[in-house]
Structures are given as structure tokens and as C-alpha cells.
Chemist: 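One structure, as C-alpha cells, below. Some questions next.
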Protein chains: 2
Amino acid sequence: MPRVGLNQRAVVAEAARLADEVGLQQLTLAALAGRLGVALPSLYKHVRGADALIQKLSALATAELATELTTAAAGRAGGDALRAMADAYRDYARRHPGRYPATQRVPDPADPEHVVAGERAVGAIYAVLRGYGLTGDDAVDATRALRSALHGFVSLEAAGGFGLPREVDRSYHQLVAGLDVSFRSWPVDAP
Amino acid sequence: MPRVGLNQRAVVAEAARLADEVGLQQLTLAALAGRLGVALPSLYKHVRGADALIQKLSALATAELATELTTAAAGRAGGDALRAMADAYRDYARRHPGRYPATQRVPDPADPEHVVAGERAVGAIYAVLRGYGLTGDDAVDATRALRSALHGFVSLEAAGGFGLPREVDRSYHQLVAGLDVSFRSWPVDAP
DNA sequence: GCCATAAAGCTAACCCTATTAGCCAACGCC
DNA sequence: GGCGTTGGCTAATAGGGTTAGCTTTATGGC
């Protein structure tokens, strides 16, 4: 009986592909094992269990997203960088409907790769905000605002929450333009 | 053997309480049945199944949220109304960590109560935006932006996504202030 | 008051997923 | 070529959801 020759990387990579096809909720060890041509319990040689698998998938997706955000913002500044990054963000979420929700898991402190990926993603946002002259507490608030707006939009869109016929692209464009305006006069009012 | 005397309302209400305690993901028919002092299959006399239960829970939570948003905005206008509504939104999500995520399910078209609840919630937002002079497509875009920002913030907060020590209340306040600024000059740029 | 019927509960059985234990065989190294 | 490591397997357990079919309670018409 020849071996399939799996390792953790391959298992997680296939899990990511499967998640994108069927959705993160429907990602099941049974289906994954079937995909890999292996019996279900064999997966336990490579991952600790279902939860650990998703955590690893989160690390992978976060790293991918961080890279795409960084690339998008490279060589741009201010509103240009913001728009490019926002587009990259939404684009990733739409191309990877299964991986994207996994990126919202908080990184496992025991997984250095995961932690680094998370820092890279936040760092990319920070860099864009620096272009608006934001640092310190203001940058923290602005980062949270940006993440909230992008994540909120993208997840409502994925959930089918936008019923009306009005073009979603236009709405996203407006949202990002609104963020640009806000960041220009950040912090918006005195506490 | 005396009857417990359940009905769908009671089952869904208890499901909502349980979800708030253990999380929507951990809401299980088995646990719910135990709570209600009934065997698991008995629940099928009142709900079609696990998925239908969550959909009913979504209808309940959406109705509650719509009411709270409407109440918060009543008697206020402009930035005042926006802030009151945003506070009510986050407050609901924090008081009801299990119900809140259920509100993001798209309403079941076959459930008139659910549909109405969804319309009331969106209507409350629309009313606030009318205070900014927004109507038509602009209001659609602004509604999506507002929902995205609030939902994004609240769900990142619930997921523990805000690691830094910076006060979360302050960040939320800034986010809402930023929305206020944006809505004042909406639409932000020409398409 | 009585009985027919609908509704509310039950048990039993089945399927699917995750997990653990323990066995066996393939691969890699010396 | 032996031999340890390790990647795969089967079997078994537990938990959740679902369906079928039975029993008993409440209820309403007469």
C-alpha cells in the first residue's frame, strides 16, 4: 500500500482549497481526508484536530492576506494607498470565501508564524495610516476603524446582506472615500 | 407523564438565552432540550430542525435590535441620532453575544415576521441618514457603510481582535465621529 | 360527562463528524 | 539488509442531528 506522502503544509493547503469551495463552516475532516485520498484518522498524524487545522488555516490565510495588502500599498501613499489596499482586501475575501473568515481568528500565541502574519497585516494598515500623518493612539483608533469598515463590508457582502440592486462596487468605493475623508481630519473630534 | 407545555415561542426564547450564555456556535439542540426539560426529538414538534431554529432566533434578535435602534434614535437628529444609535447597536451586541451574530443571517423570505424585522432595522438606519439629507442611492451607500462599520467593529471586538491596550470605547467613539464627518459631505467624491 | 382526535411527548434507530487506541507496513538511514 | 521512525490503516467511542413510530395528554363537540 503506497503512501500518499502528506505533511502538515499539504494538509493545510488542501483544507484552504476545500474551504474556499464549500465554505469554512462546511470544512470537515471527513471531506478533507477524502480529498487527500486518505482515511480520516490519518489526518491526526499531521494536525492535532479540527480546531488546530482551522487555526493553521488561519495562519496561512492571514499570511497571504498580509502579503497582498503590503503589495497593494507598496509605492503608493495617502488616499492612493488606502484605495489600493481596500481593493486588495475585498478582492482577497471574494477570491477566498473560505479562507477569509479564518483570518478573523485571533492568532495563536504559540504559533510564531501566525503571530508574525498578524503583525504583518496590521503593519500594512499602519503604514498606510502613517501616510495620513497618524501615529500612536490616533493610529490605533484609525486602524480599528479601517479594519472594522473593511471587514464589516466584506462579511456583509459575503453573507448576502446587501439586498438592494444598487451596485455593491459603488457602495464600497464610497465607503473607502469616506474613510479617506475621515483620516484626513483624524482625530475627528476632541475627547 | 405531565406535559411541559412548550410552543415555538418558548423554544426560540430559551434558545436565545442559551445562545447568549454559551455562544451561537455552541447552541445545540441537545443542550436546549436539556434546558427545557424535554427529550431532544421533542423539539421537532416545534421547530423544523437546528437550522430553522437559528433562523427563528435570527428573526427574534433582529426584531429586538430593530426596536432598540429605533428607540435610541427617537427624538434625535443628525450626529446625535447617529451616536445614540451606534451606542445602542454595540450595546445590544455586547449584552447578547449569542443573539447578535444571528442578526447577520439574511431574513427568510418565507417568514414575514423576519422580513419585517429586517426592514425595521434598515428603516431605523435610513431615518437617521435622512437627518443628513441623504436619500436614494446615496442613502443606500451610506446605509451599507454604516452597517459595515458598526458590524465590523462589534464583531472584531467580540472575536477579541483588538489586542492593544488602547481603550476600545474611545476607538468606537472615533469611528462613529468619522462616520458623522463622512455623512456630512456624502457622497464623498464624484463617481 | 364522554369520547374522538390532534398535539406533545417519548424511545429506538440511524447517519455523520470528531477523536483515541493500537496495529502494520513503507521509507530512509547506516 | 536490518531497524527505527513514521505515515497510514481499522476499530471503537462519543456526541450531535434527524426520522419513524408509539403513547399519552388535552381539548372540544356532542
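In what follows, chains carry the letters A, B, and so on, assigned in the order in which the sequence lines appear, proteins first and then strands, with residues in each chain numbered from 1.
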Chemist: DNA chain C: B:Gly5 or A:Ala31, which has the more 5' nearest nucleotide?
Modeler: B:Gly5
Chemist: Atom CG of B:Asn7 and atom P of C:dA7: how far apart are they, to the nearest Å?
Modeler: 14 Å
Chemist: Answer yes or no: is there a side-chain heavy-atom contact under 4.5 Å between A:Asp180 and A:Val176?
Modeler: no
Chemist: Without decimals, in angstroms, what is the distance between A:Leu6 CG and D:dC9 C1'?
Modeler: 13 Å
Chemist: Round to the nearest Å and state the distance from B:Leu29 atom CG to D:dT19 atom P.
Modeler: 11 Å
Chemist: Out of curiosity, B:Ile54 CD1 to B:Leu60 CG, how far, rounded to the nearest 0.5 Å?
Modeler: 13.0 Å
Chemist: Report yes if some heavy atom in the side chain of A:Phe183 is under 4.5 Å from a heavy atom in the side chain of A:Leu146; otherwise report no.
Modeler: yes
Chemist: How long is the span from the CG atom in A:Leu134 to the CG atom in A:Asp141, to the nearest 0.5 Å?
Modeler: 9.5 Å
Chemist: Strictly distance-based, threshold 3.5 Å: is any side-chain N or O of B:Tyr172 a donor or acceptor partner for the main-chain N or O of B:Ala86?
Modeler: yes
Chemist: At less than 4.0 Å, is any side-chain N or O atom of A:Thr28 found next to OP1 or OP2 of C:dC16? Yes or no.
Modeler: no
Chemist: Return the residues of residues 16-27 of chain B meeting this criterion: a heavy atom under 4.0 Å from some atom of DNA chain C. Order them by number, or give none.
Modeler: none
Chemist: Using a distance-only test with no angle check, is there a side-chain donor-acceptor pair under 3.5 angstrom linking B:Thr62 and B:Arg120?
Modeler: no
Chemist: Determine whether B:Ser182 and B:Tyr132 make a side-chain contact, defined as any pair of heavy atoms from C-beta on separated by less than 4.5 Å.
Modeler: no
Chemist: Can you confirm whether the side chains of A:Ser171 and B:Arg144 place a donor and an acceptor under 3.5 Å from each other?
Modeler: yes
Chemist: Tell me which residues in residues 32-49 of chain A put a heavy atom below 4.0 Å from DNA chain D, sorted by number, or none.
Modeler: A:Val38, A:Ala39, A:Pro41, A:Ser42, A:Lys45, A:His46
